[in-house]
Novice: 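Next up is a structure, given as C-alpha cells.
Computed from a prediction, not measured in an experiment: that's the story for all the values here.
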2 protein chains.
Amino acid sequence: MGSDTKNIILDAAEALFAGEGFANTSLRAITAAAGANLASVNYHFGSKDALIEAVFARRLRPMNRERIRRLEALEDEYGGAAPLDGLIEAFVGPALELSRDTERGGARFVRLLGRSYTEPSPSLQARVRGMHEEVIGRFKSAFGRALPELPSDELYWRLHFMVGLLAYCMAGTDMMRLIASCRLADSLDADVLKERLVSFLVAGMCAPLPGPLEGPVIAGPAREGRHNGLTT
Amino acid sequence: MGSDTKNIILDAAEALFAGEGFANTSLRAITAAAGANLASVNYHFGSKDALIEAVFARRLRPMNRERIRRLEALEDEYGGAAPLDGLIEAFVGPALELSRDTERGGARFVRLLGRSYTEPSPSLQARVRGMHEEVIGRFKSAFGRALPELPSDELYWRLHFMVGLLAYCMAGTDMMRLIASCRLADSLDADVLKERLVSFLVAGMCAPLPGPLEGPVIAGPAREGRHNGLTT
DNA sequence: GTCTATAACTAGATAGAC
DNA sequence: GTCTATCTAGTTATAGAC
C-alpha cells in the first residue's frame, strides 16, 4: 500500500490544508512538516494539484462506500422503501463519524471536506464532484421514493439544503463560536451533533410546501416510528 | 463619498475575489481589471488585507442595518414577541435580496459573503465576525423569546444551522448543479429560494428534540397563521 | 493622486548527482 | 527514492519622480 513517505506527505498536507487552505499552504511547508524533501512531492504525486486530489481520494472513497453500504442495508431491510430518517442518517453519519476516527485523519479531514464545497478552484470542484457523483445519484432516487408526493424540484432543493448544512457543520467555522459561545469540545462530539442535525433535517425535509398562496399542509414530522413519506 | 477610483477598485476586487478566492487574486489582477495602477491599492487602502476588509464592510454594514430594522419592525408590531417565521425572514431576507441588487454588487458579493464563513484566514474570520456581532446577539435573544421552551444549547445549534445553511446557499456551489441538474438562472431567483429556505428553516427550528430515548414531540409546524412558539 | 521602477520575497517545478 | 541547487515566474509593498 504505497510507500511510507507518500502517506507521511499526505498526512502533513491534509493537516496544513485544513488549517491554512490550499492556496496558503506551500509545498515547502508540507515537506518540512513531513520531514521530507521539497522534491518528493513532485516525485510521488507529480504536482500540487495532484497532491490535493490524492488527499481527498484517500478518505472520500471509503466514506462514500460506507454511505452506499448503509443505503443498501436500509433498502434490504425495508424492501426498497427506505424511511426518511434512515436515509438522512445513512448520508450524514459516515461523514460526521470520520471526525471521531483520529487514527485516520479524523477532524482535520472533516474540516477540509466541509470547506471543499465552497472552494473556488474549478479543477478542485470538478475532481471532488466526481468522487460524490455515484452517492448523490443513488440517494437522490432513494429520497424520491421516501417522499413521493414532494415535487421533484422541491426535493432537489431540500437535498441541496441537506448537503450544504452538513458541509457547513463539517467545516467547523468560527461563526459557531460567536453564536453558541461554546467550547470546541462540544462541536467535536460527533454523536450529539448527528442527533441534532438529523432531527433538524428530518423536519426540514418534511416541511410544508412553500408558496405565497398559503399552500397545503404536507407534513408534520411524526415522532413515533420512522418517517416513511409525506402524510396529509 | 470616497474617491471614484477607490470604488472602482472595490468593484473589481469584489468580482475577482468572488470568482477566484482571496489568495488566488493578485493586486495586479485587481488593478488591471479596474484600469488603475498597481500602486493605487496600497495608496488607497494600505494593504491587500485592508482592501479585503473594505470590500466586506461596504455591503455588510447596510445589510445588517436592514436586518435590525426588520427585527425592530417585527417587535413593534408584535409587542416584543416576534413570531418565528418573521424572525427567519428578517434574518435571511436582506442577505438573499442583495443578489437581486445588481446595481450594488449583487450576486457577486453574495457568493463572496457565503464563502467568507468557511475561509481559513483567522484575520478575515475575526474581521467579518466583528461585523456580524450585533446582529447575532439581537437575533439570538429574539429567537429565544420566540421558542421559549427550547433548551438554550439546542437553540444555539439550530441558529448555527440556520446561519450555515444561508451561507451555503449564498455561496452558490457547484454541488448544487450536481444535485439539481438545474440551470443557474433558477438559483439566482432570490424570491423562490427565500420561500423554500424559510419553509425548510421554520420546520427545522420547530423540530422535535433529538435524543436516543425517543424524546417528546415538541412541535409540528402549523401552516395556518404565524409560528410563534413551540406547541405540545 | 497617479505613475514607473524596483526591492525583497515566495511560489511550483525540475535537472542531475548520489 | 532521495537529495541539492537552481530556474522561472509570480507575489506584496514601497521609494521617488511627476
Side-chain angles (χ1 to χ4, degrees), chain A residues 1-58 112 115-116 119-127, chain B residues 1-58 112 115-116 119-127:
Chain A
M1 44 177 73
S3 91
D4 203 30
T5 51
K6 213 167 160 176
N7 277 310
I8 295 175
I9 290 173
L10 283 172
D11 289 338
E14 183 175 75
L16 284 164
F17 288 152
E20 316 289 332
F22 300 110
N24 292 318
T25 300
S26 65
L27 295 186
R28 291 176 153 82
I30 293 170
T31 50
N37 191 271
L38 172 58
S40 57
V41 168
N42 276 286
Y43 175 79
H44 285 290
F45 299 94
S47 72
K48 186 183 183 181
D49 248 43
L51 171 62
I52 295 177
E53 178 172 16
V55 165
F56 277 96
R58 179 171 64 148
L112 185 58
R115 204 184 301 140
S116 75
E119 274 285 328
S121 151
S123 69
L124 177 65
Q125 283 300 323
R127 281 176 221 259
Chain B
M1 45 178 68
S3 94
D4 202 29
T5 51
K6 214 169 158 173
N7 275 311
I8 295 175
I9 289 173
L10 284 172
D11 288 339
E14 183 175 74
L16 285 165
F17 287 153
E20 316 290 332
F22 299 110
N24 292 317
T25 301
S26 65
L27 296 185
R28 288 177 147 82
I30 293 169
T31 50
N37 191 272
L38 172 59
S40 56
V41 168
N42 276 285
Y43 176 78
H44 285 289
F45 299 95
S47 72
K48 186 182 181 181
D49 247 43
L51 171 62
I52 294 177
E53 178 172 17
V55 165
F56 278 96
R58 179 171 65 148
L112 186 57
R115 204 183 303 138
S116 76
E119 275 284 329
S121 150
S123 69
L124 177 65
Q125 283 300 323
R127 279 176 223 257

Novice: Regarding C/dG12, can its base be found pairing with the side chain of A/Arg28 as donor and acceptor, where the two atoms are less than 3.5 Å apart?
Specialist: yes

Novice: What contact category does B/Ser26 fall into here, base, sugar-phosphate, or nothing, at under 4.0 angstrom with non-hydrogen atoms?
Specialist: sugar-phosphate

Novice: Does the A/Arg115 side chain pair with the main chain of A/Phe17, one donor and one acceptor, at a distance under 3.5 Å?
Specialist: yes

Novice: Rounded to the nearest 0.5 Å, what's the gap from OG1 on B/Thr5 to CG on B/Asn37? Could you check?
Specialist: 10.5 Å

Novice: Convert the base pairs of DNA chain D into dot-bracket notation, remembering that pairs crossing earlier ones are written with [ ] and that bases paired across to another strand are shown as |; include only Watson-Crick or G-U pairs under 3.5 Å.
Specialist: |||||||.||||||||||

Novice: Apply side chain to side chain contact (heavy atoms under 4.5 Å, CB included) to A/Leu51 and A/Leu27, showing your working.
Specialist: CA-CA 10 Å; A/Leu51 171 62; A/Leu27 295 186; 4.3 Å; yes

Novice: Using whole Å, what does the distance between atom P of nucleotide D/dT11 and atom CD of B/Glu20 come to?
Specialist: 12 Å

Novice: Between C1' on C/dA11 and CG on A/Leu51, what's the gap in Å once rounded to a whole number?
Specialist: 15 Å

Novice: Are B/Lys6 and B/Asp11 close enough, and set up right, to give a salt bridge (Lys or Arg N to Asp or Glu O under 4.0 Å), and what steps lead you there?
Specialist: CA-CA 9 Å; B/Lys6 214 169 158 173; B/Asp11 288 339; over 6 Å; no

Novice: With rounding to whole Å, what would you report as the distance between D/dT8 and C/dA8 at their P atoms?
Specialist: 22 Å

Novice: Would you indicate which nucleotide in D/dT12, D/dT14, C/dT14 comes nearest to any side-chain atom of B/Ala39?
Specialist: D/dT14

Novice: What nucleotide, of C/dT2, C/dT4, D/dT4, holds the atom closest to the side chain of A/Asn37?
Specialist: D/dT4

Novice: Using only side-chain N and O atoms of B/Asn42, determine if any of them is under 4.0 Å from OP1 or OP2 of D/dA13.
Specialist: yes

Novice: Which heavy atom in B/Ser40 sits nearest to a heavy atom in B/Ile9, and how many Å separate them?
Specialist: OG-CD1, 3.6 Å

Novice: Under the 3.5 angstrom rule, does the side chain of B/Glu119 hit a backbone N or O of A/Gly21 as a donor-acceptor pair?
Specialist: no

Novice: Check the distance between D/dT12's P and A/Asn24's CG and give it to me in whole angstrom.
Specialist: 12 Å

Novice: Applying a 4.0 Å non-hydrogen cut-off, can you work out what A/Thr31 is touching in the nucleic acid: base, sugar-phosphate, or nothing?
Specialist: nothing

Novice: Rounded to whole Å, please give me the gap between CG in B/Asn7 and P in C/dG1.
Specialist: 12 Å

Novice: Could you state the CZ-C1' distance from A/Phe45 to C/dA13, rounded to the nearest angstrom?
Specialist: 16 Å

Novice: Could you check how far OH of B/Tyr43 sits from C1' of C/dG1, rounded to whole Å?
Specialist: 5 Å

Novice: Counting only side-chain N and O atoms of B/Ser40, is one of them less than 4.0 Å from OP1 or OP2 of C/dG1?
Specialist: no

Novice: Could you tell me how far apart B/Lys6 (NZ) and C/dG1 (P) are, to the nearest whole angstrom?
Specialist: 9 Å

Novice: For D/dT2, take OP1 and OP2 only and decide whether either is under 4.0 Å from a side-chain N or O of A/Thr5.
Specialist: yes

Novice: Counting distance only, does the side-chain N/O of B/Lys48 pair as donor-acceptor with the main-chain N or O of B/Thr25 below 3.5 Å?
Specialist: yes

Novice: Just the rounded figure in Å: distance from P of D/dT11 to CG of B/Leu38.
Specialist: 10 Å

